[in-house]
Structures are given as structure tokens and as C-alpha cells.
Student: 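Handing you a structure now.
Chain identifiers are assigned alphabetically (A, B, ...) following the order of the sequence lines, protein sequences preceding nucleic acid strands; residue numbering begins at 1 within each chain. All values reported here derive from a predicted model rather than from experimental measurement.
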Amino acid sequence: MGDSRATEKTAISPRREQDFPEWYQQVVRAAELAEPSDVRGCMVIRPWGFGIWENMQRHLDAMFRATGHRNAYFPLFIPLSYMQREAEHVEGFAKECAVVTHHRLETGADGKLGPAPSAELSEPLIVRPTSETIIGATYAKWVQSYRDLPILINQWCNVVRWEMRTRLFLRTSEFLWQEGHTVHETEAEAREETLRMLGVYETFVRDYCAIPVFSGSKSESERFPGAVETLCVEAMVQDRKAIQAGTSHFLGQNFSRASGIQFQTRDGKQEFGWTTSWGMSTRMVGTVIMMHADDDGAVLPPRIAPTHVVIIPVTPKEDTRAAVLEACDGLAAELRRARYADAPVEVEIDRRDLGGGIKNWDWIKKGVPLRVEIGPRDLQSGNVAVSRRDQPVKAKEFMPQKDFAARVPELLDTIQQNLFSRALEFRDRHTRVIDSRDEFYEFFTARNAAKPEIHGGFALAHWNGSRAVEEQIKNDLKVTIRCIPFGEAEPGRCIFTGERSARRVVWAKSY
RNA sequence: CGGGCUGUGGCUCAGCUUGGUAGAGCGCUGCGUUCGGGACGCAGAGGCCGUGGGUUCAAAUCCCACCAGCCCGACCA
């Protein structure tokens, strides 16, 4: 008995509905995106995975520049005392800080290499979990007058947060990200900046990663340690859990007070600067996988795919091999003259001496948007066999080779659009407006408690704004408020307390 | 940091209860037949059985300690 599709072979096992977390790990491995390293909690990002990150960087970086920001670089190490300057910040990060205490190794009496007792640092350094404090200290020196403002800087770097449980891309002890840090003359300007950068993330995630998001602000309990307000974009991945795709914080004067970022105002008074910070990390790579990948492996949105088109020469007979390879080279050259997403179309020819099936499946697993097969019969007919990764793996369309290069940008756009539409449809299908406590609990309770099936989604429900209610729901269901959406207020009654509520908020289980 | 489990070729694991020459599948290498959707045959390579100690004529196997990893809880982009 059972699922007839169980006999249908998929490239990834288990399939999504069988075991989502394991499926995810297998996709990351099969697509050669990343692998666990010998260092606990840290991953090796392989070229294919790093290529995705590089594309994310390229597009985001252009958007940062376009909004007036410039890149800079600040130290990896932060003096311990700097962390102490903002009370909530300490509380938020102290538990997961890597600490550097020595600056030399030596061989001890037991013959083992270890930190030299004579080389203990007078003040320990922490490896940055985020850079508000060290950047704040620097900005304090740069800022004297309102004329020095705004400061609009971004840095691309690694950070370390010593996590207990790690998962490739989603949560690792070391990860790559960008962190923007700005200082403004007025509160209004800083708030505007916070919102602007959230908009950048929203656009990037939607238009490049093909992922629809809810954007809004965080409740107090989910706020960044030290922030006055945290804004976020939240996506729903295929197990219907929420994942935060980017955050933008309005820090008020908290960090400028802590770091001494003071300036003389237009009317001659001293005032603390208004700061913001915002970030997006390599977690986005994992988000894209969980969003678009299927039971045959990764499915990459064309705009962030390291390779857009892979050409697979089909060479069944020795005497036609040279002609086939020549045709592949010709097509590749032609494709590279075409442009997509502000850059040349990226093409690869798979010349490996392997069976066609194996090569095809390798690229399916890697999620390349377009696969093109060229064999002797195609040379005769003048056609190429084109497969789209967003279509069933066996689907194949023949089209005239002479038209193909010109059609590629349009095909890629179609795939990009299709991935977004699917994701949007999925999210909407699993987003429910809920008006009763019972329905809420039912929505977030798996039928099979022993081995929970994929269930739930986003619930849009009224809430009275109390932290106690949040706490209760989190304890009962592991469900939290993902964001308080922007937009028009819709007065109602809290479904837990019956008290007044100004608007619905988004509830979900989350990563 | 508390509770449970596991360490054996690159990977997944068997062998351990009852000590006696280290195994399988997958992957890898070579040759041949194949090749328009995950091919097959033959021949190979590859392991101080997590580390250290103990018991024994003899330890992957029994005992002790340590180390590492996984799962479950508290924390998190």
C-alpha cells in the first residue's frame, strides 16, 4: 500500500514531505553549495554556493551605492569593554561571543601547544557578532558637526555568533553578511533611512530571489538588542515556516549615547546622532533553497544563478563528436554576447566524459535555469533541445538554434517570474485570516504529534500588544509574531484576550 | 550547560551479546561493451575499527577514562 509516487525516483531523498530538514541538508550537499567543516558549527561554502552569494552581493551592493552608501571595513576584533557600553546589546550577545585572550602559542611542559601564559591580553577581544560598538567608536571621532552628517557606510564581512545548534547557511557559528551603519542629524532622517533600506531588501528579495515577503516591524520581544525599532522582511518557505530575510534597525540615540557620537547642531547645541543599522546574510542562500528547491534538487532564480545556461554535448558516436563540440562552442560564444540582469549571460559547457544522463542530473541538482542538449541529430535539424529547471525534469522543447541565443534573456525572465508566482501562490494558500483562539491553536497543531507533518503557515490575527500573550503562545505552540505589518489599521479584538487591537499581526513558527 | 544515543575504507552501515587473519552496498581507479534521461561486465585501490590505558596467549569485540559527533531541552540572523 501507500504512495504510488514513492516508486518514482527523485534525485533527492527523502522528499520534502517525508522529512523537510533532512531534505534540505541533502539538497545543499547534492547541489554542492556547502558542506560541514572540521570546525564545529562552521561550514565550507563551495564554489557553486559562493557563486550565488557573490551574485547576491553584486546586486545588493549596487542598490546600496544607488542609495548613497559606500563600503568600508572595520576590525574583526572588538575590545571587550566596548560591548559593555550598551546594556541591552550586552544582554543580547554576551552568551554567544567568541573571546580572544592570548596572542601567542607555545609548547607547554606536557608537550602540547597552547596559549602562552605570558601572552595574555590585558583586555580580552571578542570576535564581532555585529559591529555597532566598534563602528560607533569610530564614528564618534568622525562626527563633530551637523555638516559631517549623514554618514552612510556599509561593510561586507564575516561575523561569529557561537550557536548551539547549527544548520548549513541557516545558522552557523561564522557567517558572511553585510552590515550597514548610518548616522543622521534628525530622528526623522534616521527613521526614513531605516525604512528605505528595508525597501531595498524587499525589492532585492522579491525581484532577485523571487521571494514574496511580508514586511513590517518586530514586536518588542523580537527586537534587535539595543534597537528602538526593528523592521524586517519575512518569507514563508516550503515547510510553511517563516524566515527572516533581512532586518533594518532604527537605533535611536542608544548607540550614539553609548559610543559618544555627538555633534554640534545648526543652532549651536550638542546632540547625539541618530543611528541605524541593517543587514542581510548568507542565510539568504539557504532561504532561496528552502523556497524554490524541489525533490530533484536546487532550483535557482536566474538572477542569482552562477550559471544561466549549461550546454550538454551529446556525443554517442566518435565520428560526430568534433562537430558536436564545435557547435557547442559556437552557441556558447553567441550566448555570452547576450546580456541578462546587467551582465553577460553565464554559460558553461559540460565536456566531462560521462553519460548524458549523469551530466543532466548533476545540473538538475545544481538548479541551473536552462539546460541545452546538442547532439548529432540536432546538427542535422538545426535545433537545440532546451529544458527549463522550473518545468518537470523530463520536459524538453526543441527550438531552432539560430533563435535560441536571442530568446535566452526572455526565457530566463519567464523562469524568474514563474518562480515568484509559484512562491506567492504558495504563501497566499497557507496564509490564513484567523479570528478565534481555537482555530489558531488548531492551525498550528500537527495531526501527528509523534512525527509532525508539514502544517500551519502564516496566521493573520488580532493581538492586544501584550508580551505575556506572546510568551504564552510561544510556550504552547512555538509560534511567534513574525512581524507587525505596515499598512492601514484594521481595528478588532485580540483573539486571546478579547481586548482591543489596532491591526492584525503575522504569526508563524520560524527559523 | 542538563538528559539520551553513536564513533569500523570517501559515504551509509554490518560485525561486538558468545574475544581468534576486518566485511557489504554506494562512491573511486582501470579496461571493455554501452550512450538522445540516473547503464552494465570484469579487474583493482582504499581501514594502526575515535584516543589512551587495563584484562587476556590473543581485543573492533570485555572493563575504565578521555575526546568527538548526533538527537532532545534553554538561546538565536
Student: Any heavy-atom pair between the side chains of A:Met284 and A:Ile211 that's under 4.5 Å?
Tutor: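 A:Ile211 reaches A:Met284 side chain to side chain.
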Student: Does the structure show a Watson-Crick or G-U wobble partner for B:G27, both distances under 3.5 Å? Name it, or say none.
Tutor: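 Here B:G27 is not engaged in any pair, so there is no nucleotide opposite it.
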Student: Do you see a donor-acceptor pair shorter than 3.5 Å between the side chains of A:Asn360 and A:Glu373?
Tutor: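 A:Glu373 and A:Asn360 do have a side-chain donor-acceptor pair below 3.5 Å.
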Student: Let's test this: given Watson-Crick or G-U wobble pairing with both distances under 3.5 Å, identify the partner of B:A59.
Tutor: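 No nucleotide pairs with B:A59.
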Student: Nearest to the side chain of A:Ile358, heavy atoms from C-beta on, is which of B:G37, B:G36, B:A39?
Tutor: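 Closest of the options to the side chain of A:Ile358: B:A39.
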Student: Among residues 363-379 of chain A, which contact RNA chain B at a heavy-atom distance under 4.0 Å?
Tutor: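 Going residue by residue through residues 363-379 of chain A, the ones with a heavy atom under 4.0 Å of RNA chain B turn out to be A:Ile364, A:Lys365, A:Arg371, A:Glu373, A:Gly375, A:Pro376, A:Arg377, A:Asp378.
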Student: Would you kindly compare A:Arg29 and A:Phe169 by the position of their nearest RNA chain B nucleotide and give the one closer to the 5′ end?
Tutor: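 Going by which nucleotide is closer to the 5' end, it is A:Arg29.
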Student: At under 4.0 Å between heavy atoms, what does A:Thr247 touch on the DNA or RNA strands: base, sugar-phosphate, or nothing?
Tutor: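 Here A:Thr247 touches no strand at all.
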Student: Return the set of residues passing ring-ring contact (aromatic ring centres under 6.0 Å, His included) with A:Phe20 (not counting sequence neighbours), or none when no residue passes.
Tutor: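 Here the qualifying residues are A:Trp23.
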Student: Keeping to residues at least two apart or across chains, list the side chain to side chain donor-acceptor pair (under 3.5 Å) pairs with something in residues 290-303 of chain A.
Tutor: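 Side chain to side chain donor-acceptor pair (under 3.5 Å) check on residues 290-303 of chain A returns A:Arg16-A:Asp295, A:Asp294-A:Arg389.
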Student: So what does A:Ser173 hit on the nucleic acid, given a heavy-atom distance under 4.0 Å: a base, only sugar-phosphate, or nothing?
Tutor: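 A:Ser173: no heavy atom of the nucleic acid under 4.0 Å.
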Student: Please report the distance separating the P of B:A43 from the corresponding atom of B:A24, rounded so that it comes out in whole Å.
Tutor: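 So the two P atoms sit 13 Å from each other.
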Student: Could you tell me the separation between the NZ atom of A:Lys396 and the C1' atom of B:G37, rounded to a whole number of Å?
Tutor: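 The distance from NZ of A:Lys396 to C1' of B:G37 comes to 7 Å, rounded to the nearest Å.
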Student: In terms of side-chain heavy atoms, does A:Asn71 have a donor or acceptor partner in A:Asn154 at a distance below 3.5 Å?
Tutor: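 There is such a pair between these side chains.
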Student: Once you round it to whole Å, what is the distance between C1' of B:G37 and CG of A:Asp362?
Tutor: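 Whole-Å distance recorded here is 13 Å.
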Student: Using both distances under 3.5 Å as the test, list the Watson-Crick or G-U wobble partner of B:C16, or none.
Tutor: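 The base-pairing partner of B:C16, which may sit in any strand shown, does not exist here.
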Student: Identify the nucleotide, in any strand shown, that forms a Watson-Crick or G-U wobble pair with B:G47, with both distances under 3.5 Å; if there is none, say none.
Tutor: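 Per the H-bond distance test, none.
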Student: A:Arg371 pairs by side-chain contact (heavy atoms from CB on, under 4.5 Å) with which of A:Asp350, A:Val310, A:Val309?
Tutor: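 Exactly one pass, corresponding to A:Val310.
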Student: Do A:Ser277 and A:His181 meet the criterion of a side-chain donor-acceptor pair at a distance under 3.5 Å?
Tutor: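 A:Ser277 vs A:His181: no donor-acceptor pair found between side chains.
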Student: For A:Leu170, answer base if it contacts any base atom (sugar-phosphate contacts may also be present), sugar-phosphate if it contacts only those atoms, and nothing otherwise; contact means non-hydrogen atoms under 4.0 Å.
Tutor: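 The answer is base, as A:Leu170 lies within the cut-off (heavy atoms under 4.0 Å) of a base atom.
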Student: Between the protein and nucleotides 70-73 of chain B, which nitrogen or oxygen pairs are less than 3.5 angstrom apart?
Tutor:
from: B:C72; atom 1: OP2; to: A:Arg165; atom 2: NH2; distance (Å): 2.9
from: B:G73; atom 1: OP1; to: A:Lys478; atom 2: NZ; distance (Å): 3.1

Student: Taking the minimum atom-to-atom distance to the side chain of A:Ser387, which one of B:C35, B:C75, B:G37 wins?
Tutor: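 So the nucleotide nearest the side chain must be B:G37.
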Student: Please check this pair: side chain of A:Gln178 against backbone of A:Met280, looking for a donor-acceptor N/O pair closer than 3.5 Å.
Tutor: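 Yes; judged by distance alone, with no hydrogens or angles, the pair exists.
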Student: Spell out, as yes or no, whether a donor-acceptor pair under 3.5 Å connects the side chain of A:Lys218 to the backbone of A:Cys232.
Tutor: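 No; judged by distance alone, with no hydrogens or angles, the pair does not exist.
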Student: Return the nucleotide paired to B:U33: Watson-Crick means purine N1 to pyrimidine N3 with N6-O4 or O6-N4, wobble means G-U with N1-O2 and O6-N3, both under 3.5 Å.
Tutor: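 With both distances under 3.5 Å, B:U33 matches B:A39.
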Student: Say we look at B:C48 and B:G30: how far apart would their P atoms be, to the nearest angstrom?
Tutor: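 Taking atom P in both B:C48 and B:G30, they lie 24 Å apart.
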Student: Can you check the distance between B:U18 and B:U61, where both ends of the measurement are the C1' atom (answer in whole Å)?
Tutor: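 Rounded to whole Å, the distance is 10 Å.
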Student: Could you go over nucleotides 27-29 of chain B and give all protein N or O partners under 3.5 Å, atom names and distances?
Tutor:
none

Student: Separation of A:Glu96 atom CD from B:A74 atom C1', in whole Å?
Tutor: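 Taking atom C1' of B:A74 as the reference, CD of A:Glu96 is at 13 Å.
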Student: In whole Å, what separates the P atom of B:A58 from that of B:A65?
Tutor: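 Taking atom P in both B:A58 and B:A65, they lie 23 Å apart.
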Student: Under 4.0 angstrom, heavy atoms only, what part of the nucleic acid is A:Gln244 near: base, sugar-phosphate, or nothing?
Tutor: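 If one applies the 4.0 Å heavy-atom cut-off, A:Gln244 turns out to touch the sugar-phosphate alone, with no base involved.
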Student: Whole Å only: how far is the CG atom of A:Asp353 from the C1' atom of B:G30?
Tutor: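 From A:Asp353 CG to B:G30 C1': 13 Å.
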Student: If each of A:Ile12 and A:Lys474 is mapped to the nucleotide of RNA chain B with the nearest heavy atom, which maps nearer the 5' terminus, i.e. the 5' end?
Tutor: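 The 5'-side residue here is A:Ile12.
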Student: What does A:Val159 touch in the nucleic acid at a heavy-atom separation under 4.0 angstrom: a base, only the sugar-phosphate, or nothing?
Tutor: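 Counting heavy atoms under 4.0 Å across all strands, no contact is made by A:Val159.
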Student: How would you label the contact of A:Tyr511 with the nucleic acid (heavy atoms, under 4.0 Å): base, sugar-phosphate, or nothing?
Tutor: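 A:Tyr511: no heavy atom of the nucleic acid under 4.0 Å.
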Student: Return the value, rounded to whole Å, for the distance between atom NZ of A:Lys394 and atom P of B:G37.
Tutor: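 Taking atom P of B:G37 as the reference, NZ of A:Lys394 is at 10 Å.
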Student: Take the protein atom CH2 of A:Trp361 and the nucleotide atom P of B:G37, then report the distance between them rounded to whole Å.
Tutor: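 Rounded to whole Å, this separation is 12 Å.
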Student: Mind checking who B:G7 pairs with, Watson-Crick or G-U wobble, both distances under 3.5 Å?
Tutor: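 Because both required distances fall under 3.5 Å, B:G7 counts as paired with B:C67.
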Student: Taking the C1' atom in each of B:C49 and B:U6, what is the distance between them to the nearest angstrom?
Tutor: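 Between the two C1' atoms, the distance is 14 Å.
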Student: Side-chain contact, heavy-atom cut-off 4.5 Å: A:Phe169 with A:Ile289?
Tutor: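 The answer is no, as the side chains (C-beta and beyond) never meet within the 4.5 Å cut-off.
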Student: Checking all strands, does A:Thr230 fall into the base, sugar-phosphate, or nothing category for heavy-atom contacts under 4.0 angstrom?
Tutor: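 If one applies the 4.0 Å heavy-atom cut-off, A:Thr230 turns out to touch nothing in the nucleic acid.
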Student: Could you measure between the two P atoms, the one in B:G20 and the one in B:G38, and give it in whole Å?
Tutor: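 One P to the other, the span is 45 Å.
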Student: Counting only Watson-Crick pairs (N1-N3 plus N6-O4 or O6-N4) and G-U wobbles (N1-O2, O6-N3), all under 3.5 Å, who is the partner of B:A22?
Tutor: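 In the structure as shown, B:A22 has no Watson-Crick or wobble partner.
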Student: Mind calculating the distance between CD (A:Glu35) and P (B:G10) to the nearest angstrom?
Tutor: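 Computing the A:Glu35:CD to B:G10:P distance gives 14 Å.
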Student: Which one is paired to B:G73, where only Watson-Crick or G-U wobble pairs with both distances under 3.5 angstrom count?
Tutor: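 Base partner found: B:C1.
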Student: Rounding to an integer number of angstrom, what distance separates B:U55 and B:U12 when you compare their C1' atoms?
Tutor: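 Those two atoms are separated by 34 Å.
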Student: Check the surroundings of atom CD in A:Glu91: do more than 12 heavy atoms from other residues, nucleotides or ligands lie under 6.0 Å from it?
Tutor: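 Not buried by this count: 12 neighbours or fewer within 6.0 Å.
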Student: Regarding A:Ser219 and A:Glu470, do their side chains bring together a donor and an acceptor under 3.5 Å, going by distance alone?
Tutor: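 Side-chain D/A pair, A:Ser219 to A:Glu470: present.
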Student: Expressed as a whole number of angstroms, how long is the span from A:Arg352:CZ to B:G38:C1'?
Tutor: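 From A:Arg352 CZ to B:G38 C1': 13 Å.
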Student: Going by salt bridge (Lys or Arg N to Asp or Glu O under 4.0 Å), name the residues that satisfy it together with A:Arg467, two or more places apart in sequence or in a different chain.
Tutor: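 Result, salt bridge (Lys or Arg N to Asp or Glu O under 4.0 Å) vs A:Arg467: A:Glu220.
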Student: Within a 6.0 Å radius of atom CD on A:Glu326, are there more than 12 heavy atoms belonging to other residues, nucleotides or ligands?
Tutor: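 At most 12 heavy atoms, drawn from other residues, nucleotides or ligands, come within 6.0 Å of this atom.
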Student: Between B:C57 and B:G19, how many Å separate the two P atoms, rounded to a whole number?
Tutor: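 Rounded to whole Å, the distance is 15 Å.
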Student: Taking the ring centre of each residue, are A:Phe64 and A:Trp278 less than 6.0 Å apart?
Tutor: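 Yes, the ring centres sit under 6.0 Å apart.
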Student: Base, sugar-phosphate, or nothing: which does A:Ala11 touch, judged by heavy atoms less than 4.0 Å apart?
Tutor: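 Base contact.
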